Amino acid sequence: KFGVQLLHSWIKKDENTFSNIYVEMLKARDSYKEVSQKSVCSFEYAVLEHLVFTDKTEIMQFLIENNTSQVEEASGTINCRKENHEECWKIMCSIAYFKMKNYELSEQYLNTVNLKKLLVGWKKYYAILFYFVKFEFAEIEEKSLIKNKISQLIGETHFIYYSKILQSL
């Protein structure tokens with residue numbers, strides 16, 4: 001709920017609404033704490049996945065540094081989903097730290113990502129995000145391969161939003 005509303009108000013350049021929603025989110029965050037601890041992904045994850053598209057780096061940093069830890073180990077399918085979300089979290093953190101100009105931490109997160117742990121429904125979308133960050137750290141020879149991989153993923157997913165970003169590389 002909050003991530004979409006924050007992203008929407010940011011896109012509309014409505015800082016007043018953004019600030020009001022952010023304050024509301026902070027209040028609601030406490031009531032989600034217990035549920036968030038037992039979920040495969042945290043409340044902060046659900047907000048960060050939208051805010052990585054903004055320039056709100058201080059809020060991104062807050063969400064990362066105050067991420068609710070999961071306290072109960074899950075098993076079977078749930079554990080697989082938990083691993084999936086952990087990889088997505090690393091990709092989001094890499095993007096956020098890159099935007100914060102903390103390139104060392106961004107690359108550290110990126111280097112820990114295992115794309116094979118991403119599940120259907122997340123695999124290609126988060127791979128696109130992963131490769132955009134990877135491009136920034138790649139050697140010149142590798143950049144064209146990464147661009148081709150992103151292009152292939154865009155073609156398979158029809159996420160044309162990323163076509164303009166790819167063309168700008």
Side-chain angles (χ1 to χ4, degrees), residues 1-12 17-137 150 153 157 159 161-162 165:
K1 169 187 172 179
F2 293 105
V4 172
Q5 290 178 330
L6 289 167
L7 180 60
H8 182 259
S9 61
W10 178 81
I11 289 169
K12 294 185 88 170
T17 300
F18 186 96
S19 296
N20 290 338
I21 294 166
Y22 182 68
V23 168
E24 186 183 337
M25 182 216 63
L26 289 175
K27 289 177 189 172
R29 182 176 167 264
D30 288 335
S31 63
Y32 282 94
K33 195 88 153 159
E34 189 177 331
V35 173
S36 190
Q37 289 173 331
K38 296 175 183 176
S39 178
V40 294
C41 61
S42 67
F43 178 86
E44 295 79 14
Y45 171 112
V47 177
L48 185 63
E49 70 180 337
H50 295 88
L51 289 186
V52 294
F53 295 103
T54 74
D55 60 0
K56 300 294 188 177
T57 56
E58 289 177 10
I59 298 172
M60 289 181 226
Q61 186 168 3
F62 171 83
L63 294 168
I64 293 168
E65 291 176 356
N66 295 283
N67 186 37
T68 304
S69 299
Q70 278 59 49
V71 293
E72 291 187 17
E73 286 297 315
S75 61
T77 306
I78 294 173
N79 192 38
C80 188
R81 286 183 53 224
K82 186 175 185 298
E83 286 180 349
N84 172 71
H85 288 294
E86 287 170 355
E87 298 310 304
C88 294
W89 177 256
K90 292 176 200 175
I91 293 168
M92 289 187 286
C93 288
S94 182
I95 294 167
Y97 282 118
F98 189 85
K99 287 187 169 204
M100 290 177 222
K101 298 182 180 7
N102 187 336
Y103 303 121
E104 184 178 333
L105 205 47
S106 174
E107 190 170 24
Q108 284 176 14
Y109 271 99
L110 190 72
N111 289 337
T112 65
V113 173
N114 181 348
L115 292 176
K116 291 179 181 174
K117 290 185 177 181
L118 295 176
L119 299 175
V120 173
W122 289 271
K123 186 178 230 48
K124 292 179 182 181
Y125 173 72
Y126 276 95
I128 290 171
L129 299 178
F130 170 86
Y131 284 115
F132 272 120
V133 180
K134 185 175 176 79
F135 179 87
E136 299 298 334
F137 295 109
I150 295 170
L153 287 164
T157 60
F159 293 154
Y161 168 80
Y162 297 106
I165 299 170

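The structure presented is a predicted model; accordingly, all values stated were derived computationally and were not measured.
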*Run the numbers on Tyr125 and Cys88 for side-chain contact (heavy atoms from CB on, under 4.5 Å), then give the verdict.*
CA-CA 10 Å; Tyr125 173 72; Cys88 294; over 6 Å; no

*Answer yes or no: are there more than 12 heavy-atom neighbours, outside Tyr32 itself, under 6.0 Å from its atom OH?*
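Not buried by this count: 12 neighbours or fewer within 6.0 Å.
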
*Enclosure of Glu58 CD (heavy-atom neighbours >12, cutoff 6.0 Å)*: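 Check fails, neighbour count at 12 or below.
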
Distance, nearest 0.5 Å, that separates [atom1] of [X] from [atom2] of [Y]:
| X | Y | atom1 | atom2 | result |
| --- | --- | --- | --- | --- |
| Glu107 | Thr112 | CD | OG1 | 11.0 Å |
| Leu6 | Asn20 | CG | CG | 10.5 Å |
| His50 | Trp10 | NE2 | CH2 | 13.5 Å |
| Gln61 | Leu51 | CD | CG | 13.5 Å |
| Asn111 | Gln108 | CG | CD | 8.5 Å |
| Ile95 | Tyr126 | CD1 | OH | 8.0 Å |

*Do NZ/NE/NH1/NH2 and the carboxylate oxygens of Glu24 and Lys27 come within less than 4.0 Å?*
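So Glu24 does not pair with Lys27 through a salt bridge.
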
*Is the shortest distance from a Lys or Arg side-chain nitrogen in Glu86 or Lys90 to a carboxylate oxygen in the other one below 4.0 Å?*
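Salt bridge between Glu86 and Lys90, a charged N being under 4.0 Å from a carboxylate O: no.
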
Any heavy-atom pair between the side chains of [Y] and [X] that's under 4.5 Å?
| X | Y | answer |
| --- | --- | --- |
| Ile128 | Tyr161 | no |
| Trp89 | Ile64 | yes |
| Val133 | Leu129 | no |
| Phe62 | Lys56 | no |
| Ser9 | Ile21 | yes |
| Arg29 | Asn66 | yes |

If every non-hydrogen atom of [X] is compared with every non-hydrogen atom of [Y], which pair is closest and at what distance?
| X | Y | value |
| --- | --- | --- |
| Tyr131 | Leu115 | OH-CD1, 3.6 Å |
| Leu118 | Asn84 | CA-OD1, 3.2 Å |
| Ser106 | Ser94 | OG-O, 2.7 Å |
| Leu48 | Met60 | CD1-CG, 3.7 Å |
| Leu110 | Phe137 | CD2-CD1, 3.9 Å |

Angle class for the [X]/[Y] ring planes (parallel below 30°, perpendicular above 60°, tilted otherwise)?
| X | Y | answer |
| --- | --- | --- |
| His85 | Trp122 | perpendicular |
| Phe18 | Tyr22 | parallel |
| Tyr109 | Tyr97 | parallel |

Check: [X] side chain, [Y] main-chain N or O, donor-acceptor pair, under 3.5 Å:
| X | Y | value |
| --- | --- | --- |
| Lys117 | Glu87 | no |
| Glu44 | Thr68 | yes |
| Lys124 | Leu153 | no |
| Lys99 | Val52 | yes |

